[in-house]
A.B. asks: 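Got a structure for you, written out below as structure tokens; questions coming shortly.
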Amino acid sequence: MGDSADDTDGLSLFDIVWEDVLYVKLFPLLSLKDLFSLRCCSRLAKTFVDNGFRRVQEINLSGNNSANVGLAFEVLSANCRNVRVINVARCNWLQDKMLCPLLQHNRRLSKINLSNCLNITPRAMQPVIVGCKQLTTLKLSHCHWMTIGAMEALTLHHTKIQELDISHCAALNERCISVFLLNCRLLKTLSLSNVPAVTDNLLFAIAKHSKFIKNLNLVGCYTVTDRGIGALALCCKELESLMVRECPHVTERSLELLRGRVFIDRPRVYQPDMNMVPNMAFPRLFLQV
């Protein structure tokens, strides 16, 4: 027993094979907080964690505004090279100079959530637009810095986006969104909540170009009417959910066409004259636009 004890006196956690054991079995079990705590233990631990960050595929700091989280993010930016998903929604500390290096070093990003990141600018989108060719999900809710030019650049370089959230992006206009729809035919989820530019014409563009749309959020789009909703009912056969709260000009006349096959966030309102619904000339109105 004494000999056996002597043989193990110099062993530590880091004597276990890193590549085949520690990074495969141990590293995935530790949270980012655990990893940074381990990183502070010794120089060897720092080397181990920094090398392990190169394997990390998902970074989720959503809503994390704690002290020193910005410094931790800079460490991630310096070491991560294989990230596929990043969620930094509601991170008030995030700035271009911190975000751009991470985006530049991780060209295989497929999902990015920058919602409510108020202290970055359109410059932060440049690495995404130019380098992240595998992008399928982009969430930019409440990103008032998202400009028409940035949207046009995104449209020029990306055609595989399946989920887009540009709710509350008041700087965008109808034309730049319509051109995006024309180029991104695989779109399945689209949030346009509280975007002033959304009109029936834009809904006609969705009906024409986004045949695979499943989820559509139009909450607060106050200029949308039954004509636009009727076009969606006729053309978007894959539609599964439709959000139309705070759309005062959308009535049960058009929503009735979707009831039964689509989840609608407004309850049914009984109308005595609903037998008039089949006579609504949506196809003719749609073709005239």
Side-chain angles (χ1 to χ4, degrees), residues 58 60 62-63 84-90 108-117 125 128-129 132-143 146 150-155 157-170 172-174 176-221 224 228-247 250 254-255 257-266:
E58 180 174 353
N60 186 356
S62 177
R84 310 298 174 86
V85 179
I86 179 171
N87 185 352
V88 286
R90 305 186 305 281
R108 288 181 287 181
L109 279 162
S110 62
K111 298 181 180 180
I112 300 175
N113 189 346
L114 300 176
S115 297
N116 285 275
C117 290
M125 288 298 297
V128 176
I129 292 170
C132 301
K133 299 301 184 181
Q134 299 180 27
L135 188 65
T136 60
T137 298
L138 181 60
K139 297 184 179 182
L140 300 171
S141 176
H142 290 85
C143 291
M146 185 63 178
M151 189 70 182
E152 291 175 344
L154 179 70
T155 300
H157 289 271
H158 291 273
T159 60
K160 299 178 181 179
I161 294 178
Q162 299 180 24
E163 181 176 357
L164 178 69
D165 184 353
I166 50 174
S167 57
H168 295 270
C169 292
L172 302 180
N173 63 19
E174 181 181 295
C176 73
I177 301 174
S178 296
V179 174
F180 174 86
L181 295 171
L182 177 63
N183 286 275
C184 288
R185 302 296 185 97
L186 300 178
L187 201 63
K188 294 181 179 179
T189 298
L190 177 62
S191 179
L192 299 170
S193 172
N194 291 282
V195 177
V198 178
T199 64
D200 282 343
N201 287 337
L202 191 56
L203 297 194
F204 295 147
I206 294 173
K208 184 175 182 180
H209 303 304
S210 303
K211 301 296 184 181
F212 301 105
I213 195 78
K214 292 182 179 292
N215 307 291
L216 181 60
N217 185 348
L218 301 174
V219 172
C221 297
V224 168
I229 301 300
L232 296 176
L234 287 172
C235 300
C236 299
K237 301 302 183 182
E238 302 292 323
L239 194 63
E240 295 178 358
S241 69
L242 177 66
M243 307 298 179
V244 287
R245 286 182 292 106
E246 301 176 32
C247 296
V250 175
S254 61
L255 296 180
L257 301 174
L258 295 164
R259 299 285 186 190
R261 66 182 178 92
V262 176
F263 169 80
I264 300 174
D265 65 342
R266 278 166 47 176

A.B. asks: Distance-only check: which donor-acceptor pairs under 3.5 Å involve side-chain atoms of residues 228-245, not counting sequence neighbours?
C.D. replies:
unit_1	atom_1	unit_2	atom_2	d
Lys237	NZ	Leu234	O	3.1
Ser241	OG	Asn215	OD1	2.8
Arg245	NE	Asp265	OD2	3.1

A.B. asks: If you measure from CG on Asn116 to CG on Leu140, what distance do you get to the nearest 0.5 Å?
C.D. replies: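 Taking CG in Asn116 and CG in Leu140, the distance rounds to 11.0 Å.
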A.B. asks: Can you name the closest pair of heavy atoms from Leu181 and His209 and give their distance?
C.D. replies: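 What the structure gives for the nearest pair is O-CB, 3.5 Å.
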A.B. asks: Using every non-hydrogen atom in the two residues, find where Lys111 and Thr136 come nearest and quote the distance to one decimal.
C.D. replies: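 The answer is CG-OG1, 4.3 Å.
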A.B. asks: Mind listing the closest non-hydrogen atom pair of Pro196 and Asn194 along with its distance?
C.D. replies: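 In this case the closest contact between Pro196 and Asn194 is CD-O, 3.5 Å.
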A.B. asks: Let me see the working for Val128 and Leu114 under side chain to side chain contact (heavy atoms under 4.5 Å, CB included), right down to the final yes or no.
C.D. replies: CA-CA 12 Å; Val128 176; Leu114 300 176; 5.7 Å; no
A.B. asks: Can you see which heavy atom on Cys143 is nearest to which on Cys169, and at what distance?
C.D. replies: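 Distance-wise, the nearest heavy atoms are O-SG, 3.6 Å.
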A.B. asks: Compute whether any side-chain donor of one residue and acceptor of the other, for Arg90 and Ser115, lie under 3.5 angstrom apart.
C.D. replies: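 No, no side-chain donor-acceptor pair sits under 3.5 Å.
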A.B. asks: Using side chain to side chain contact (heavy atoms under 4.5 Å, CB included) as the criterion, list what pairs up with Ser193, not counting sequence neighbours.
C.D. replies: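 For Ser193 the side chain to side chain contact (heavy atoms under 4.5 Å, CB included) partners, ignoring immediate neighbours, are Ser167, His168, Ser191, Asn217, Val219.
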A.B. asks: Please examine the side chains of Met146 and Met151, heavy atoms only from C-beta on, and report whether any two atoms are closer than 4.5 Å.
C.D. replies: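 Met151 reaches Met146 side chain to side chain.
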A.B. asks: What distance separates Thr199 OG1 from Glu174 CD, expressed to the nearest 0.5 Å?
C.D. replies: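 Thr199 atom OG1 to Glu174 atom CD measures 3.5 Å (nearest 0.5 Å).
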A.B. asks: Roughly how far apart are Gln134 CD and His158 NE2, rounded to 0.5 Å?
C.D. replies: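 The CD atom of Gln134 sits 11.0 Å away from the NE2 atom of His158.
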A.B. asks: Write down the atom of Thr189, the atom of Ile213, and the distance for their closest heavy-atom approach.
C.D. replies: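 Residues Thr189 and Ile213, closest heavy atoms: N-CD1, 4.1 Å.
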A.B. asks: Nearest 0.5 Å, please: how far is CD1 in Ile161 from CG in Leu135?
C.D. replies: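 Leu135 CG to Ile161 CD1: 5.0 Å, rounded to 0.5 Å.
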A.B. asks: Under a 4.5 Å cut-off applied to non-hydrogen side-chain atoms, are Ile166 and Ile177 in contact?
C.D. replies: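 Yes, side chains in contact.
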A.B. asks: Mind listing the closest non-hydrogen atom pair of Cys247 and Gly220 along with its distance?
C.D. replies: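 Distance-wise, the nearest heavy atoms are SG-N, 4.2 Å.
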A.B. asks: Out of curiosity, Ile129 CD1 to Thr155 OG1, how far, rounded to the nearest 0.5 Å?
C.D. replies: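 Between atom CD1 of Ile129 and atom OG1 of Thr155 there are 9.0 Å.
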A.B. asks: Could you tell me whether Lys160 atom NZ has more than 12 heavy atoms of other residues or ligands within 6.0 Å of it?
C.D. replies: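 Atom NZ in Lys160 is not packed in, count stays at 12 or less.
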A.B. asks: Mind running side chain to side chain contact (heavy atoms under 4.5 Å, CB included) on Ser178 and Leu202 for me, showing each step along the way?
C.D. replies: CA-CA 6 Å; Ser178 296; Leu202 191 56; 3.2 Å; yes
A.B. asks: Starting at CZ of Phe263, measure out to CG of Leu258 and round the result to the nearest 0.5 Å.
C.D. replies: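 Going from the CZ atom of Phe263 to the CG atom of Leu258 covers 13.0 Å.
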